[in-house]
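Computed from a predicted structure; not experimentally measured.
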Amino acid sequence: YKGSVTVYNNTFDKSVIQINLSSTFIMDAVLSPDSKTVAVLTLGQSNGSYESQVRFYHVDEKEPYATVSLGNLVPLDLDYESGALWVTGEDEIAIVSPNGKETATYSLGRSYLKGCDLGGDGFAVLLLGRVCQAISTGMLMPLMQTIAMTRFPRGRQATAMGVAGIAMGFAPNIGPTIGGAMSFSLGWRSFFVLLVVIMLALAAAAAVAIKPSAAPDKSARLDVVSLAQSTLGFGGLLLAFSNASSFSFESPFIWAPLVLGALFLVLFVRRQKRVDDPLISMDIFSSRQYRAGFIAQNLLNASFMGVTLIVPLYVEGLCGGTALEAGMVLLPGTVSALFLNPLAGVLTDKLGVRPVALVAGAFLAAGAVLMSFLNADTPLYVVMLCQAVRAVGVSGLVGPLTSWSLAQLPRPIVADGSSFCISARQACASLGTSVMVFLITVVGASSMGLANPALAYQLAFGFSGLMAVATLGFIVAKVR
């Protein structure tokens with residue numbers, strides 16, 4: 001089936017009706033306020049073009065009692081409002097009567113509704129939670145890298161960074177798999193309950209295990225102006241790159257945050273060179289080793305971060321696979337990070353960064369380039385193999401490049417180098433992801449994309465391959 005909808009009783013222990021469709025994709029479904037009917041929103045093809053439909057079912061009948069065509073509306077949300085069924089698209093709203101006999105459509109044009117939904121309840125709380133999570137991650141990641149580089153002797157720093165790489169590589173990828181399984185079996189709130197328990201356990205462990213360091217430098221001052229400039233600078237770039245996959249290039253939602261972000265970053269860098277207590281010391285770029293590692297890591301993130309989004313789209317959208325199959329394609333590479341991150345660190349301490357980076361870069365480039373030739377008929381085990389080869393390269397590069405780039409910095413500015421590099425990596429990862437999504441969206445909707453649906457995904461994977469080859473080339477030239 002391309003989609004299935006199950007309606008349960010109020011105790012969630014028995015299904016009332018299950019609707020399975022094999023000819024069209026199910027985009028959304030909603031139960032009527034009186035719980036007697038269910039509306040199913042589908043997306044399929046008719047006469048060679050896409051067509052959206054709303055199918056109405058009685059909860060005791062598996063055949064629809066009414067079907068309403070919405071034409072080529074691209075559905076974004078579905079809900080009952082004011083006694084009627086509302087469907088929002090990118091630039092129009094369709095209102096359908098509960099009996100399916102009357103339809104009114106209102107067009108607003110220019111994709112004004114693309115960022116809107118009909119519910120909205122809870123989004124502000126979810127956004128606030130994500131902001132708090134991002135703040136804590138933004139503080140802890142540089143701190144973890146700084147501890148690895150300042151509390152461990154030379155010869156063990158790469159090993160420490162490799163162990164830390166488990167948190168950077170393995171945990172973020174295995175988390176969605178665990179979360180998906182828990183939300184499916186125990187409900188979506190169960191995952192957040194688990195996170196609260198883990199957070200409390202970590203807080204208790206940190207209070208017991210982490211000993212106070214030397215007396216803090218009470219003369220240090222937070223430059224609020226620099227903080228605001230860096231936040232607006234990197235935030236503007238991230239917003240612009242994220243919007244690039246949703247809006248046309250002439251849209252102010254892209255160029256306005258891009259220009260402002262670049263402007264604030266220039267002001268930020270200039271200020272760091274002039275104030276006595278800079279937020280980030282620009283002396284980090286006086287190190288040739290740091291500059292080389294900085295560029296290599298940005299190329300690496302532009303190559304691999306977006307693929308974790310594109311692979312599920314490819315498996316489910318082009319190959320017609322399931323979310324479970326998409327997860328299985330990513331799983332071998334994710335599990336390998338658990339072992340390869342520490343191993344890469346140990347080998348870097350014993351052999352030096354160049355041989356480890358060259359081998360890992362070759363794996364990254366080989367896997368990424370091979371993925372640009374995937375199509376709808378490619379067996380999933382081949383996709384899994386290509387992804388695993390690429391993931392081996394990523395796991396072998398993250399820790400060694402990070403430790404190598406920070407190794408020659410004076411100890412007082414190691415935290416500065418770590419923080420600035422992490423911020424830049426996030427911007428480059430967002431840029432790479434936006435380019436890949438943009439290629440899938442634009443090329444997929446073009447005549448070439450309709451004639452060859454695999455082309456859009458091949459170009460997206462091809463961009464990742466280009467960045468991977470650039471990473472390998474830079475390693476060959478500069479990492480020694």
Side-chain angles (χ1 to χ4, degrees), residues 1-9 12 14-81 84-90 92-100 103 105 113-114 116-119 176 179-181 183-185 187-188 309 311-329 376 380 440-441 444-445 450 453 457:
Y1 299 112
K2 290 186 176 180
S4 180
V5 175
T6 304
V7 179
Y8 292 90
N9 60 7
F12 297 98
K14 182 180 179 181
S15 63
V16 178
I17 183 175
Q18 185 175 58
I19 303 166
N20 299 315
L21 299 180
S22 59
S23 58
T24 58
F25 292 99
I26 294 179
M27 308 301 294
D28 201 354
V30 62
L31 198 64
S32 63
D34 60 7
S35 301
K36 293 183 179 180
T37 63
V38 58
V40 178
L41 181 61
T42 66
L43 182 63
Q45 285 190 323
S46 176
N47 298 323
S49 62
Y50 288 106
E51 181 187 28
S52 298
Q53 291 183 343
V54 177
R55 304 184 184 192
F56 292 90
Y57 296 81
H58 292 293
V59 293
D60 55 355
E61 297 178 4
K62 290 193 175 183
E63 294 297 324
Y65 67 84
T67 300
V68 178
S69 174
L70 302 179
N72 59 0
L73 178 145
V74 179
L76 300 178
D77 198 11
L78 172 74
D79 204 355
Y80 276 97
E81 297 285 345
L85 185 70
W86 291 51
V87 183
T88 59
E90 290 186 354
E92 59 184 319
I93 296 177
I95 304 175
V96 185
S97 62
N99 58 12
T103 304
T105 302
L113 298 174
K114 200 162 188 176
C116 303
D117 60 45
L118 293 169
S183 63
F184 179 78
S185 58
W188 64 269
L309 171 66
V311 167
L313 292 177
Y314 162 79
V315 173
E316 298 179 48
L318 183 65
C319 300
T322 64
L324 177 62
E325 289 172 327
M328 293 302 295
V329 168
L380 285 183
I440 291 176
T441 303
L450 294 175
Y457 293 93

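Between Ser97 and Phe56, the shortest heavy-atom distance links the atoms O-CZ, 3.7 Å. Nearest heavy atom pair, residue Val54 against residue Leu85, reads CG1-CD2, 3.5 Å. The shortest non-hydrogen separation linking Tyr8 to Val16 is C-CG2, 3.7 Å. Residue Gln53 comes nearest to Ser69 through the heavy atom pair CG-CA, 4.2 Å, listed as atom of the first residue, atom of the second, then distance. Minimum heavy-atom separation, Thr6 to Gln18: OG1-NE2, 3.1 Å. Minimum interatomic distance between Ser4 and Asn20 (heavy atoms only, all atoms of both residues): OG-OD1, 2.7 Å.
Tested against Ser52, the residues Thr24, Leu70, Thr42 include a single side chain to side chain contact (heavy atoms under 4.5 Å, CB included) partner, Leu70.
With a 4.5 Å cut-off on side-chain heavy atoms, Asp28 and Val87 do not count as touching. At least one side-chain heavy atom of Tyr457 sits less than 4.5 Å from a side-chain heavy atom of Leu313.
Although no hydrogens or angles enter the test, the distance criterion places a donor-acceptor pair under 3.5 Å between the side chain of Thr88 and the main chain of Asp77. With hydrogens and angles disregarded, no donor-acceptor distance shorter than 3.5 Å links the side chain of Thr37 to the backbone of Ser32.
Between atom CG of residue Leu21 and atom CZ of residue Arg55 there is a gap of 5.0 Å, rounded to the nearest 0.5 Å. Within the model, atoms CD of Glu63 and NE2 of His58 stand 12.5 Å from one another, a figure rounded to the nearest 0.5 Å.
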